[in-house]
Amino acid sequence: MPDVYTYSVSEAQPAVFVHVVEENDRRGDWVPLDERREASRACESIEDDGRFVATRARQVLERLKTRHGWLGWMMRLTDLGRGLLVPTVVVTLVVGLATNALGPSKQIHVLAVPLLVLIAWNVLSLALLAIRALLPLAPGLPRLLKVWRSLVRRWVSKMTDRLASDGDETLVERVVDGYLERWLPLVTPLAVARIRRLLHVGALMTVLGAVAGMYVRGLVLAYQASWESTFLDATAVQRLLDTVLGSAALVLGTVVPDASLLEAPATGDAGPWIHLWAVTALLFVGVPRVVLIGLESARVARRRRLEVALDDAYVRRLRASVATDARQVVVLPFSYRPSELAVTGLRDVLHDVFGARAEVRISSSLGYGDEWTVGDGDGVRARVVLFSAAQTPEVEVHGEVLRRVRDETADGQMLVMLVDGGPHARRLGARSFDDPRLATRRRSWDGVAERVALEVVHVDLETPADVSPSRVAAAVWPRLETS
């Protein structure tokens, strides 16, 4: 069963990535097994499992980044929205200031056309946000997640030539795909809140920049106000200004000046118009955007804590890798003699599950009715009953063997059942583990295991890289202990 740990983003990202790496990189091509154990040993004094996993993952990831520099870029790329607040403020403020260059030379246009457009756009976007909040529209998170994943995957694909020198490209692809599949759903809600906040900040700073530019032109440089229009006469301009600036005039306790007196080439004092436009921008853009920035900042703060689900077997396996004892794991093959390659793979899997210091002892292959020493003594930590999928499972035979071993398992000891399907698959010429013939045989073994309240793990010991240690650990009976 998975345990759920609450992490900050800086803790969750390494924890997820390193977990995916260790599930796929069983041979230690990326991070040597000795380095993993060293990282576990450096953190073994941390009693809390969540802190232990997070601290250890950061250490492992830092070592990975020293060898594969592109990983640092991928980490930043998949933490969308982080570190963009200051650049957004600077860029949008400059854009707002630059809008004043669109007006008449050495004059303030009373219609403040760039600022009027910005205010109108903000009012429209705020109205759309309100409509979206009221109507049950489909959320955009799935689309964003797909686009985001596609962009990251494309970027990683472009790194193929550079990755070729980093190891197995297939491993790289498996790790990246597994990481994106697990990480993006976790971080997307936070990323959306960050992006929304950036949009509100950008809109606010653009308008503030435009207002600041008007003050610079109208006050510091003592510019004059005027207007001219190809399509609007003085009456239409006055009606427009009264509508747009009326609220600001009410707040300032004044009235909108007579625009007919400023029709080009006439000019007048720009001060009253600048104040009216500034207050209008504050009312229609500033206040709503500040409120929305506050709301999105609260969402960002809430969503910075991510709930990461990790198999409890994974955490126990990490603890076991630096366990101070060296108890025995006894393998009991039944009517099956595994090849030397399978034995090597079996040892790798069991060391991953029960700790690198565990002594794996493989008994001679015996059949039903033979005298079978199941392994006694305080030094026995676990027993592994190993069958071959080539055998036809029978409750009266294989079930009895399992029941006997289970009944003789002492308190504090563990039992796991493995069925090696590799030889059977190769004998049948099966091209994949999903071959219907293999699936039928696996279901038969599952039925035998259920009769004795055990869970079978189907493996191909000659390809241990495809065997999940967490899957094996999760099937341990009665449960996997760390001591």
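In this text, all values refer to a predicted model and were calculated from it rather than measured experimentally.
- The backbone N or O of Arg347 lies less than 3.5 Å from a partner atom in the side chain of His351, making a donor-acceptor pair.
- Annotation: side chain of Leu245 is in contact with side chain of Trp273 (closest heavy-atom distance under 4.5 Å).
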- request: Using the side-chain hydrogen bond (donor to acceptor under 3.5 Å, both in side chains) rule, take Ser40 and Arg56 through it: C-alpha gap first, then chi angles, then the decisive distance, then the call.
  value: CA-CA 6 Å; Ser40 298; Arg56 176 186 177 276; 2.6 Å; yes
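- Closest heavy-atom contact between Cys43 and Gln59: SG-NE2, 3.5 Å.
- In this structure, Pro257 and Leu276 have side chains that are in contact, with non-hydrogen atoms separated by less than 4.5 Å.
- The shortest side-chain heavy-atom distance between Trp70 and Lys65 does not fall under the 4.5 Å cut-off.
- For the atom pair CZ (Arg51) and CG (Asp49), the distance works out to 11.0 Å, reported to the nearest 0.5 Å.
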Residues 190-204 side chain polar contacts: donor-acceptor under 3.5 Å, at least two apart:
from	atom 1	to	atom 2	distance (Å)
Arg194	NH1	Asp79	OD1	2.6
Arg194	NH1	Leu80	O	3.3
His200	ND1	Arg289	NH1	2.7

field: Candidate pair Tyr7 and Val53, rule side-chain contact (heavy atoms from CB on, under 4.5 Å), full reasoning
entry: CA-CA 11 Å; Tyr7 291 136; Val53 171; 3.7 Å; yes
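- Between Ala389 and Gly421 the shortest heavy-atom distance is CB-CA, 3.6 Å.
- Gly209 and Leu93 get closest at one heavy-atom pair: CA-CD1, 3.6 Å.
- Between Gly213 and Leu97, the shortest heavy-atom contact is N-CD2, 3.7 Å.
- Trp445 places no side-chain N or O within 3.5 Å of a backbone atom of Val419 that could act as its donor or acceptor partner.
- Using a distance-only test at 3.5 Å, with no hydrogens or angles considered, a donor-acceptor pair links the side chain of Gln13 to the main chain of Met75.
- Atom CZ of residue Phe17 and atom CG of residue Leu64 lie 6.0 Å apart, to the nearest 0.5 angstrom.
- Comment: Arg67 engages Glu35 in a salt bridge, judged by a side-chain N to carboxylate O separation of less than 4.0 angstrom.
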field: Met417 vs Trp477, side-chain contact (heavy atoms from CB on, under 4.5 Å): CA-CA, chis, key distance, verdict
entry: CA-CA 9 Å; Met417 172 186 175; Trp477 181 89; over 6 Å; no
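- Under the 4.5 Å side-chain criterion, counting only non-hydrogen atoms from C-beta, Val308 is in contact with Leu310.
- Note: Asn122 CG to Leu126 CG = 6.0 Å, rounded to the nearest 0.5 Å.
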- request: Decide yes or no on side-chain contact (heavy atoms from CB on, under 4.5 Å) for Asp460 and Asp420, but give the supporting numbers first.
  value: CA-CA 5 Å; Asp460 181 353; Asp420 186 5; 4.1 Å; yes
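- Rounding to the nearest 0.5 angstrom, the gap separating the CZ atom in Arg441 from the CG atom in Asp446 is 12.5 Å.
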field: Criterion salt bridge (Lys or Arg N to Asp or Glu O under 4.0 Å) on Glu11 and Arg304, from CA distance to verdict
entry: CA-CA 10 Å; Glu11 294 172 327; Arg304 279 199 182 106; over 6 Å; no
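- The two atoms that bring Val18 and Ala57 nearest to each other are CG2-O, 3.5 Å, heavy atoms only.
- Ser247 OG to Leu252 CG: the interatomic distance, rounded to the nearest 0.5 Å, is 11.0 Å.
- Side-chain contact between Glu296 and Ile293 is absent, with no heavy atoms from C-beta onward closer than 4.5 Å.
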- prompt: Between Ile119 and Trp277, does a side-chain contact (heavy atoms from CB on, under 4.5 Å) hold up when you go through it step by step?
  reply: CA-CA 10 Å; Ile119 293 175; Trp277 278 109; 4.0 Å; yes
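- Annotation: side chain of Val244 is not in contact with side chain of Phe284 (no heavy-atom distance under 4.5 Å).
- Here Glu38 pairs with Arg63 in a salt bridge; the nearest charged N to carboxylate O distance falls below 4.0 Å.
- Pairing each heavy atom of Thr280 with each of Ala248, the nearest pair is OG1-CB, 3.2 Å.
- The backbone N or O of Ala309 lies less than 3.5 Å from a partner atom in the side chain of Arg182, making a donor-acceptor pair.
- Annotation: the span from Phe52 atom CZ to Glu44 atom CD amounts to 8.0 Å, rounded to 0.5 Å.
- For Arg76, there are no side chain to side chain donor-acceptor pair (under 3.5 Å) partners two or more places apart in sequence or in a different chain.
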